Each structure stands twice: as structure tokens, then as C-alpha cells.
Protein chains: 2
Amino acid sequence: MTRPRAARGEGDQLREQLIEATTALLAETGDERAVTIRAIVDAVGVTPPSLYLHFPTKQDLVREVVDRRFAALGQAIGQAVAEPAERGDAAEALRAGCLAYLRWAHDDPGGYQVLFGARRETRSVGPDGSSNTAAFTSLKEGIGFCQATGVGRDGDVTRMATLVWASLHGLATLVPTRPEFGWPPLETMVDELIAGLVGIGR
Amino acid sequence: MTRPRAARGEGDQLREQLIEATTALLAETGDERAVTIRAIVDAVGVTPPSLYLHFPTKQDLVREVVDRRFAALGQAIGQAVAEPAERGDAAEALRAGCLAYLRWAHDDPGGYQVLFGARRETRSVGPDGSSNTAAFTSLKEGIGFCQATGVGRDGDVTRMATLVWASLHGLATLVPTRPEFGWPPLETMVDELIAGLVGIGR
DNA sequence: ACCTGAACACCGTTCAAGT
DNA sequence: ACCTGAACACCGTTCAAGT
């Protein structure tokens with residue numbers, strides 16, 4: 001994009017440009033194979049070795065991009081949950097959080113499973129402290145909130161959250177990859193999931 | 001493996017050897033990046049161009065391997081379902097089928113999500129007629145069988161099957177990739193899933 | 001008819017060198 | 001201090017040639 005590019009004293013804004021270019025490339029193509037080092041540096045207007053001044057390996061660049069997108073997911077869920085949670089509607093908070101998760105996967109231009117695949121390759125270093133487990137934590141809170149306010153059936157919160165999480169994850173990977181399958185509306189699926197697994201609304 | 005290898009009039013058994021070598025390589029490494037053309041042909045004791053006598057592209061080889069593994073999954077489910085179905089135990093048949101699906105993903109040396117990832121790259125040609133949708137069909141039958149014999153709650157069979165399928169798929173991809181997560185036993189999760197989503201056994 | 005040697009255009013990564 | 005040119009060992013794939 002910014003083809004003619006020359007730098008001098010400016011610090012590490014190249015690092016930020018590389019992250020942006022990688023994010024954009026993933027969003028435009030939706031294909032991890034298209035995210036090649038030469039494509040990334042071409043977009044910024046720089047040569048391959050420059051990338052290694054800022055990232056020890058391609059995986060670390062991708063990891064950073066993926067981490068940021070998962071952080072955005074966490075924010076989206078938090079935002080959706082906030083309003084109903086504040087007025088004490090536990091059922092609606094849970095519903096809204098689950099829906100935000102699915103909508104994010106559905107609308108994500110980079111592709112939820114592309115990110116997930118990248119995260120898989122990337123997982124060797126350290127425990128999985130990604131915002132995806134943050135989503136799991138907020139899911140447990142949501143279910144606990146429901147039980148505390150008397151909506152939903154009693155039961156092991158972690159157990160329930162595990163099944164809801166797995167179901168949401170399954171839908172998040174399947175829905176975007178198989179648009180030709182006759183999926184019910186996301187709202188309907190979320191309602192039936194939390195009705196069956198958490199016992200909310202019948 | 002079979003390093004010294006010379007052929008003459010024998011037809012297309014090289015094709016079969018290439019498929020076997022690819023399957024073995026996937027099973028041993030569990031890493032799709034390790035499945036390289038040179039590694040495959042080395043295992044058979046042949047040079048890269050020979051592969052293209054039998055497969056137009058690497059994707060077609062992988063597709064064949066993946067198709068066979070999904071067919072094996074279909075067989076495993078059919079086998080698990082057969083006995084309870086014959087004695088008319090619809091609930092147990094459904095339970096056994098779901099469990100077989102999860103066990104297969106859990107025990108699969110090639111890695112369920114590696115296969116699933118490969119299938120994703122491979123999906124461009126034709127409709128998705130894989131045995132994975134065959135598994136979905138048999139899931140619908142299982143739920144329909146339950147309703148016909150009076151176990152489980154009434155409701156749209158396809159809708160129910162969709163949610164169970166998504167849940168199983170989510171578990172199938174998550175459980176093997178996160179062994180450190182404290183998963184409940186597969187039996188427990190299947191029981192709670194079909195209890196909540198199909199209304200069987202409470 | 002079946003297989004190989006050598007090459008193609010790519011890839012991620014490194015190293016010496018330029019300013 | 002920041003960036004480049006040129007090369008490394010790989011990759012999937014092709015093409016002419018050998019028996």
C-alpha cells in the first residue's frame with residue numbers, strides 16, 4: 001500500500017504497520033496461506049529481513065494479531081453483557097453474551113477458525129492465557145448469576161459452562177464454513193442451547 | 001520404509017502405497033506440516049514426480065486419505081448404534097452413536113481437527129458429500145427413533161440434531177487440543193448433552 | 001508404461017553489508 | 001539505529017528424458 005516508504009529516526013512504528021498489514025491481509029483474503037511474509041512486507045513497502053527486526057518469527061507476528069482479535073472478542077462480549085447485567089437481568093445477560101460470541105465468529109472477516117487454527121500452531125509457548133478462556137470465565141459468571149437470581153436450573157456451573165462453550169465453539173466454526181447448510185437464526189440456536197443446557201426460559 | 005523399490009508391470013499399487021504412507025505420516029506426527037510430498041515419497045522409496053502419475057495434486061491425495069478416515073468414522077458410529085437399535089433401545093442407540101463420535105475424535109491418531117482442517121482446504125470441488133454429513137443424517141435418525149418410541153421431548157428433529165452435532169463437533173475439536181483443561185468424562189458430557197438438548201433421561 | 005534428474009517459482013529465515 | 005541484497009534450505013509442481 002504505502003509503497004514509497006523511507007524511515008529514519010522514527011522508532012518502532014514499523015512494528016505496528018506490520019501488524020496492521022497482517023490483520024488486513026487476513027481480513028481481505030480469509031486465507032491463512034495468503035498471509036505470507038513477502039505479502040506482508042510488500043504491503044508495508046519494506047523487505048523481508050526488516051520484519052525480523054521486530055518479530056523473532058512469523059508465528060510471533062501472527063500470535064500478536066490473533067491475541068488482539070481475541071481481545072476484541074472479549075470486549076464485544078463484555079459490551080453485550082453490560083447493560084442487561086446492570087439492570088439485573090441474568091438470563092438476558094447470558095443470552096446476549098452467547099449471541100455476541102456467535103455474531104463475532106459469524107461476522108469476523110479474518111475468519112474465526114483461521115484465528116483458531118493460527119492459535120493452535122501458536123500454542124506451544126506458555127499456558128493458554130488467551131481471551132478465549134476469558135470468554136469462558138465470563139460464561140461461568142453469567143451462569144452463576146442466573147443461578148443466584150433463581151433463573152435456570154441448579155447444577156455444576158463449570159460443567160454447564162463447558163458444554164455451552166463447546167456448543168458455541170462448534171457453531172462458531174461450522175456456521176461460517178458451511179453457509180449452504182440451512183442454519184436456524186443465531187438467536188434461535190442460542191435460545192435453545194441455554195434453554196436445554198442451563199434450563200433458562202422453559 | 002520400503003526403500004529399495006522397483007516396479008515394472010504392476011499396475012497402480014503405488015497409488016495405494018502413497019495413501020498408506022500419507023495416513024501413517026499423519027498418524028505418527030499429528031502435524032499437517034510434516035506431511036510433505038518429499039516425506040511421503042521418501043517413505044515409499046520413490047521420487048516426487050511419481051506421485052503426480054497417480055494424483056493430479058497433493059490436495060487430491062490428502063482428500064482421499066481424509067475421505068477414508070471419515071468413512072471409518074461413519075462405520076464406527078454405525079457399529080456402536082447397531083446393537084442397541086436392534087433391540088429397540090432408542091435412547092441407548094443415540095447415546096452410543098454420540099459417544100462413538102467423540103471417542104473417535106479423541107483417539108484418532110491423525111487428529112480430528114487436522115482432518116477437519118484438511119477437509120476445509122479441500123472443500124472447493126462439489127458439494128460436501130463427506131461421511132461427516134452421513135454422521136449428521138444418522139444423528140437425525142437416532143433422534144427421530146427416540147421420538148417415535150416415546151423417549152425424549154418432541155420438537156423439530158433437524159433443529160435438535162443441528163445443536164447436538166455442533167456440540168459434539170465443538171467437543172471433538174476442543175478436547176484433543178486442550179488436554180490440560182479439566183474435561184469431565186466423555187460419557188458424562190454426552191449424557192448431559194442429550195439430556196438437555198433432546199430431553200432424554202431427565 | 002512407469003519412473004527419475006533437474007529445474008521452476010515459491011516459502012521462511014539469515015547474514016553480510018550499506019547509510 | 002534501521003534497512004537492503006543476496007543467499008540458504010526448503011516447498012509443490014513440471015518437463016524432458018531414461019528404461
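Just so it is clear, the model here is predicted, and its values are computed rather than measured. A note on names: the letters A, B, ... follow the listed sequences, proteins ahead of strands, and every chain is numbered from 1.
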Q) Quick one: CE on A:M160 to CD1 on A:I143, what's the gap to the nearest 0.5 Å? A) 7.0 Å

Q.
Quick check for you: among C:dT13, C:dG5, C:dC3, whose closest atom lies nearest to any side-chain atom of B:P49?
A. C:dG5

Q: Output yes when at least one side-chain N/O atom of A:T36 is less than 4.0 Å from OP1 or OP2 of C:dC10, else no.
A: no

Q: Give a yes or no on whether the ring-centroid distance for A:Y101 and A:F136 is below 6.0 angstrom.
A: no

Q. Between C:dT13, D:dC11, C:dT4, which nucleotide gets closest to the side-chain atoms of B:V46?
A. C:dT4

Q: Find the distance between CD (B:E32) and CG (B:L26) and round it off to the nearest 0.5 Å.
A: 8.0 Å

Q. Where do A:R68 and A:E16 land on the salt bridge (Lys or Arg N to Asp or Glu O under 4.0 Å) test, with the steps shown first?
A. CA-CA 12 Å; A:R68 292 195 185 190; A:E16 208 60 32; 2.7 Å; yes

Q.
Go nucleotide by nucleotide along DNA chain C from the 5' end; which of B:L53 and A:A39 gets its closest nucleotide reached first?
A. B:L53

(Q) Whole angstroms only, please: what is the NE2-P distance between A:H54 and C:dT13? (A) 16 Å

Q) Looking at CZ of B:R15 and CD of B:E20, how far apart are the two atoms once the value is rounded to the nearest 0.5 Å? A) 12.0 Å

Q: Quick one: the dot-bracket string of DNA chain C, using Watson-Crick and G-U wobble pairs with both distances under 3.5 Å, [ ] for crossing pairs and | for bases paired to another strand.
A: ||.|||||...|||||.||

Q.
Heavy-atom count check: over 12 atoms from other residues, nucleotides or ligands less than 6.0 Å from A:Q75 CD?
A. no

(Q) Measuring from the side chain of A:K58 (C-beta onward, heavy atoms only), which nucleotide among D:dT13, C:dG12, C:dG5 has the closest atom? (A) C:dG12

Q.
Using a heavy-atom cut-off of 4.0 Å across all strands, would you classify B:S50 as base, sugar-phosphate, or nothing?
A. base

Q: Let me know the distance between CD1 of B:I40 and P of D:dT13, rounded to the nearest Å.
A: 10 Å

(Q) Given D:dC15, D:dG5, D:dG12, identify the nucleotide with an atom nearest to the side chain of A:T47. (A) D:dG5

